[in-house]
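See below for the structure under consideration.
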Amino acid sequence: MFRVKRRPDGSIDRFKARFIAKGYNQWPGLDYMNTFSPVVRPATIRSILTIVVMHGWNLQQMDVHNAFLHVDLSETVFMLQPPGFKDSSKPHHVCRLKKAIYGLKQAPRAWFTALTAAITQLHFLQSKADPSLFIYSTDTHKCYLLVYVDDFIITGNNSTFIDNVIWHLSNQFHLKDLGDLHFFLGVEVIQTHAGLFLTQHKNIRDLLFHTNMVGAKDVSTPLFTSQSL
């Protein structure tokens with residue numbers, strides 16, 4: 001699968017190529033058992049952002065390169081050779097997967113299990129209300145780590161401690177530090193002196209583009225004002 005990843009302003013960030021398995025052909029109970037989607041809840045994100053604004057903390061964002069490939073499969077899974085990469089000398093052979101590549105039903109759960117083990121080793125506690133929220137709390141240090149598949153948001157009251165957490169995680173996974181939080185789950189985050197300004201300008205622009213309404217004139221109230229229709 002080829003994808004163009006864009007910045008909040010619509011400019012091209014990078015081109016991505018990803019090898020994806022046909023997970024929809026897997027049989028439950030045979031090829032996989034339990035599934036899990038490591039996605040933080042919107043209510044959790046709003047709660048953490050509120051805490052950040054109240055205390056004036058910084059928000060940092062990280063991304064894991066090829067997150068699922070960091071995890072070894074515990075199940076035995078075979079797949080056909082991918083088109084364009086078939087072995088001409090063995091065209092009828094199949095591949096045995098060793099890594100939890102994208103598309104497999106068990107891949108998100110396997111990745112989240114490995115990630116949870118790495119984070120809890122740093123003495124974080126997993127929230128019972130939201131499994132994708134990890135909390136580190138002592139008398140002197142407060143730190144929150146939110147996980148959305150391979151995207152992280154981390155914040156706290158001690159920047160040195162946060163840097164140490166990032167350093168430990170980067171030793172186990174290929175992390176990319178994206179700096180201050182600017183864009184997350186379709187929401188652009190603008191940090192100001194008054195707090196955080198959240199906008200979905202990019203989503204609105206994309207919606208106008210797909211509906212061929214980019215050049216449409218805006219009005220203050222896009223509704224009928226006449227009582228007689």
Side-chain angles (χ1 to χ4, degrees), residues 5 7-8 34-65 67-68 70-71 100 102 105-170 172-192 194-204 206:
K5 190 165 185 179
R7 301 184 181 91
N34 297 324
T35 61
F36 179 75
S37 182
V39 177
V40 65
R41 298 172 181 172
T44 303
I45 299 175
R46 292 194 296 268
S47 299
I48 297 302
L49 292 182
T50 301
I51 295 175
V52 168
V53 173
M54 290 174 58
H55 295 282
W57 295 346
N58 290 327
L59 282 163
Q60 287 184 253
Q61 186 176 8
M62 296 171 291
D63 176 72
V64 183
H65 286 291
F68 292 173
H70 290 284
V71 184
Y102 289 84
K105 296 293 186 181
Q106 62 266 46
R109 185 179 184 89
W111 155 245
F112 192 73
T113 300
L115 177 64
T116 300
I119 296 176
T120 52
Q121 284 179 357
L122 301 177
H123 305 292
F124 278 79
L125 296 178
Q126 191 173 16
S127 171
K128 295 181 179 180
D130 190 337
S132 295
L133 170 64
F134 297 87
I135 303 171
Y136 183 92
S137 179
T138 64
D139 294 337
T140 57
H141 294 79
K142 304 290 183 183
C143 186
Y144 300 96
L145 178 62
L146 298 94
V147 177
Y148 188 92
V149 188
D150 55 0
D151 286 328
F152 304 159
I153 294 179
I154 187 169
T155 185
N157 64 346
N158 189 297
S159 58
T160 303
F161 177 78
I162 293 176
D163 292 339
N164 187 50
V165 171
I166 296 175
W167 181 80
H168 277 89
L169 291 179
S170 63
Q172 301 187 50
F173 311 110
H174 186 190
L175 284 184
K176 179 181 179 181
D177 191 351
L178 302 178
D180 294 337
L181 178 64
H182 294 292
F183 193 74
F184 190 70
L185 303 183
V187 178
E188 187 175 357
V189 181
I190 302 175
Q191 302 188 33
T192 66
L196 297 175
F197 179 73
L198 307 180
T199 176
Q200 290 187 294
H201 179 265
K202 180 180 182 299
N203 288 352
I204 296 174
D206 292 342

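Numbers here are sequence positions counted from 1.
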Next item on the list: Assess whether side-chain contact (heavy atoms from CB on, under 4.5 Å) is satisfied between L59 and L49, documenting all intermediate values.
Entry: CA-CA 9 Å; L59 282 163; L49 292 182; 3.5 Å; yes
As an exercise, state the distance from [atom1] of [X] to [atom2] of [Y], rounded to the nearest 0.5 Å.
{"X": "S127", "Y": "L133", "atom1": "OG", "atom2": "CG", "result": "5.0 Å"}
{"X": "K176", "Y": "D150", "atom1": "NZ", "atom2": "CG", "result": "12.0 Å"}
{"X": "I119", "Y": "Q172", "atom1": "CD1", "atom2": "CD", "result": "9.5 Å"}
{"X": "T113", "Y": "Q106", "atom1": "OG1", "atom2": "CD", "result": "11.5 Å"}
{"X": "L122", "Y": "L125", "atom1": "CG", "atom2": "CG", "result": "12.0 Å"}
{"X": "N58", "Y": "I162", "atom1": "CG", "atom2": "CD1", "result": "7.5 Å"}

Note to self: Please confirm whether the ring centroid of Y136 lies under 6.0 Å from the ring centroid of Y144.
What the structure shows: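 No, they do not, as the ring centres are separated by 6.0 Å or more.
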Would you say [X]'s side chain and [Y]'s backbone share a donor-acceptor pair under 3.5 angstrom?
{"X": "D130", "Y": "R41", "answer": "yes"}
{"X": "Q61", "Y": "L178", "answer": "no"}
{"X": "T44", "Y": "V40", "answer": "no"}

Atom of [X], atom of [Y] and distance for their closest heavy-atom approach:
{"X": "W57", "Y": "G156", "value": "CG-O, 3.3 Å"}
{"X": "M62", "Y": "I154", "value": "CE-CG2, 3.9 Å"}
{"X": "F161", "Y": "N158", "value": "N-OD1, 2.9 Å"}
{"X": "K142", "Y": "S137", "value": "NZ-OG, 2.6 Å"}
{"X": "F173", "Y": "A118", "value": "CE1-CB, 3.7 Å"}
{"X": "N164", "Y": "H168", "value": "O-ND1, 2.8 Å"}

Item checked: Stepwise side-chain contact (heavy atoms from CB on, under 4.5 Å) check, L115 with F152 -> CA-CA 11 Å; L115 177 64; F152 304 159; 3.6 Å; yes
Next item on the list: With side-chain contact (heavy atoms from CB on, under 4.5 Å) as the test, would you mind laying out the steps for I166 and Q60 before giving the verdict?
Entry: CA-CA 10 Å; I166 296 175; Q60 287 184 253; 3.8 Å; yes
Checklist line | side-chain contact (heavy atoms from CB on, under 4.5 Å) assessment of I48 paired with I153 | finding: CA-CA 10 Å; I48 297 302; I153 294 179; 5.8 Å; no
Next item on the list: Measure up the F112 and F134 rings against each other and bin them: parallel (under 30°), tilted (30 to 60°), perpendicular (over 60°).
Entry: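 Rings of F112 and F134: tilted, 30 to 60°.
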